[in-house]
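This report refers to the structure that appears directly beneath it.
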Amino acid sequence: MKKILVTGGAGFIGTNFVYYITAKGYNAVVLDKLTYAGGKDNLEPLIAEGKVKLIHGDICDADIVKSSLNGVEEVIHFAAESHNTRSETDPDLFYRTNVEGTRNMLEESFRAGVKKFIHISTDEVYGSIVNGYFAEDDKKQGDSQATSAYSKSKSQADDIAMEFGKNYPVIVLRPTNNFGPWQYPEKALPRWISNILLGDKIPLWGEGLQVRDWLFAPLTAECLEFLLQKGVPGNAYNVAANHNPEITNKTAAQWLCKILGVSIEEYIEYIPDPRPNHDFRYALNVQKLTKLGFKPANDPFKQFEDTVEWYQQNEQWWKKRKDEAESIYK
Ligand code: NAD
Ligand code: TDX
């Protein structure tokens, strides 16, 4: 049985990936610091079945990384501080985890002879674009396109991974905004769904006209499995849903109201935008990945419905996290 190391596998996309890949017959070693965003509870059923071994540790700690790599040929590196809002108050933590942690993972992985390393970057490394789409080569060296401490740290980490990719089998994946089960309720969609379930309003920042390319997290997992098999080392790939028409934050919020059967007028409120340099629109050209043979299934309303259903059925999961998540907006 193949054994894969998944850093940050107790977080949102990581958990979705671990469920997906263990169902395909892999065993996973998850290395995770279990920060506020990581939940051992996410993985408990898989740990009980012996499909996942959870190592509680920091990607910046070379010894822990070394021992996590024992018997591993493939690494999927999700671990990061992932929230823009939090990066406004603690940029140093974002630099340490996202930049130094990524460098440490790459160094130790290739010292241990890893055969494939996929680094999860983000669409935010390109910054915002008013019209058109960013292709992979549009990323400039350095972090000048990125606008927050989070996106700057991810941009630097992306450069380091690409640099390693000149000599080692590294692939960089740049996904758009993910959503789905196990997403921490600080992020827009789970925040809004849980607010409505509690009888509270959705706070839309500014006019709510910002555009995000919502990608269902199980599809990111599918894409990663595809890249494990077909991805060409040394390359970066964009992945996005490319919705047509595009989905503004306002539309996303209205869909959630519709799915949950509440009044749009009563449940959506517009508040002054609290985010400095709020990126207006993310949009990616995905031709490179499409040509290689991968295209995510695009059915956003259905994927929103499935996500809402998960939060309805897993109230205990998000209720434990809700107060901490809301505290960052006070
Ligand atoms: P998340 O915040 O839900 O999970 C991050 C995980 O990393 C948590 O389990 C946390 O405990 C762990 N972690 C944090 N610091 C660590 C450290 N020093 N050592 C070990 N583990 C540590 O994040 P997510 O939304 O699942 O994002 C996963 C990756 O995908 C990140 O690299 C993020 O930048 C990228 N990404 C996310 C999105 C999105 O929409 N969520 C979109 C594009 C890219
Ligand atoms: O209450 C809210 N109201 C609101 O209008 C919240 C929480 C957000 N928003 C807006 C801000 C953004 O335009 O919704 C949009 C999405 O916000 P976030 O969920 O905070 O995500 P974003 O900042 O777009 O970043 C996400 O996508 C790229 C992930 O958090 C990153 O990890 C990923 O790299």
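Both backbone and side-chain heavy atoms feed into the values below; hydrogens, waters and symmetry mates do not. Just so you know, ligand 1 is whichever comes first in the structure, and atom 1 is the first atom listed for that ligand.
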Which residue and non-hydrogen atom of the protein lie closest to [atom], and at what distance in Å?
atom	value
atom 4 (O) of ligand 1	Gly11 CA, 3.5 Å
atom 40 (O) of ligand 1	Asn178 N, 2.8 Å
atom 15 (N) of ligand 1	Thr97 CG2, 3.5 Å
atom 30 (O) of ligand 1	Ile120 CG2, 3.5 Å
atom 16 (C) of ligand 1	Lys33 CB, 3.6 Å
atom 32 (O) of ligand 1	Lys154 NZ, 2.6 Å
atom 12 (C) of ligand 1	Asp32 OD1, 3.4 Å
atom 14 (C) of ligand 1	Ala80 O, 3.4 Å

For [atom], which candidate among [options] provides the closest heavy atom?
atom	options	result
atom 20 (O) of ligand 2	Lys187, Arg86, Glu326, Arg275	Arg275
atom 25 (O) of ligand 1	Phe17, Phe12, Tyr282	Phe12
atom 34 (O) of ligand 2	Tyr329, Phe12, Tyr150, Tyr270	Tyr150

A quick test of your reading: do over 12 heavy atoms of other residues, nucleotides or ligands sit less than 6.0 Å from [atom1] of [X]?
X	atom1	result
Glu324	CD	yes
Glu269	CD	yes
Phe110	CZ	yes
Lys3	NZ	yes
Lys288	NZ	yes

Hey, is ligand 1 close enough to [X] that some N/O pair sits below 3.5 Å?
X	result
Ser82	yes
Asn177	no
Phe78	yes
Arg96	no
Lys187	no
Tyr36	no
Thr176	no
Leu31	no
Ile13	yes

Geometric class of the Phe226/Phe294 ring pair [parallel <30°, tilted 30-60°, perpendicular >60°]: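 Ring orientation of Phe294 relative to Phe226: tilted.
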
Aromatic ring pairing Trp214/Phe179, orientation class (parallel under 30°, perpendicular over 60°, tilted between):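 Correct class here is perpendicular.
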
Could you check whether [Y] and [X], counting side-chain N and O atoms only, form a donor-acceptor pair closer than 3.5 Å?
X	Y	value
Thr122	Lys154	no
His243	Asn298	yes
Asn238	Tyr126	yes

Atom indices of ligand 2 within 4.0 angstrom of His83 heavy atoms, with elements: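 Selected atoms, number and element: 20 (O).
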
Check: Tyr282 ring centroid to Phe134 ring centroid under 6.0 Å: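 Distance test on ring centres: not under 6.0 Å, no.
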
Pair Phe78 and Phe17, ring centroids less than 6.0 Å apart: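 For Phe78 and Phe17, the ring centres are under 6.0 Å apart.
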
Sub-4.0 Å heavy-atom approach of Cys60 to ligand 1: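 No; Cys60 lies far enough from ligand 1 that no heavy-atom distance drops under 4.0 Å.
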
Could you tell me whether [X] and ligand 2 have an N or O pair separated by under 3.5 Å?
X	result
Trp192	yes
Gln210	no
Glu186	no
Trp214	no
Tyr282	no
Leu204	no
Asp279	no

Closer than 4.0 Å to some heavy atom of [X] - which atoms of ligand 1 meet that?
X	value
Asp58	17 (C), 18 (N), 19 (N)
Gly38	8 (C), 9 (O), 11 (O)
Ala10	9 (O)
Gly57	19 (N), 20 (C)
Tyr150	33 (C), 34 (O)
Leu34	11 (O)
Thr35	10 (C), 11 (O), 14 (C), 15 (N)

Minimum heavy-atom distance between Thr97 and Cys60, given as atom pair plus value: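 Taking every non-hydrogen atom into account, CA-SG, 4.3 Å.
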
Heavy-atom pair of closest approach, residues Asp58 and Val65: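 For Asp58 and Val65, the tightest heavy-atom pair comes out as O-CG2, 4.1 Å.
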
Expected output: side-chain Arg281 to main-chain Gly132 donor-acceptor under 3.5 Å: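 Checking the backbone N and O of Gly132 against the side chain of Arg281, a donor-acceptor pair under 3.5 Å is found.
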
Side-chain donor or acceptor of Ser151 paired with backbone N/O of Ala146 under 3.5 Å: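 No; zero donor-acceptor contacts below 3.5 Å.
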
Ligand 2 contact by Lys154, heavy-atom criterion under 4.0 angstrom: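 For ligand 2, residue contact (heavy atoms, under 4.0 Å) with Lys154 is absent.
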
Ser121 contact mode with ligand 1 (heavy-atom cut-off under 4.0 Å):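 Within the 4.0 Å criterion, Ser121 contacts ligand 1 through backbone atoms alone.
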
Proximity of Ile59 to ligand 1 by residue part, where a heavy atom lies under 4.0 Å: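 Both backbone and side chain.
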
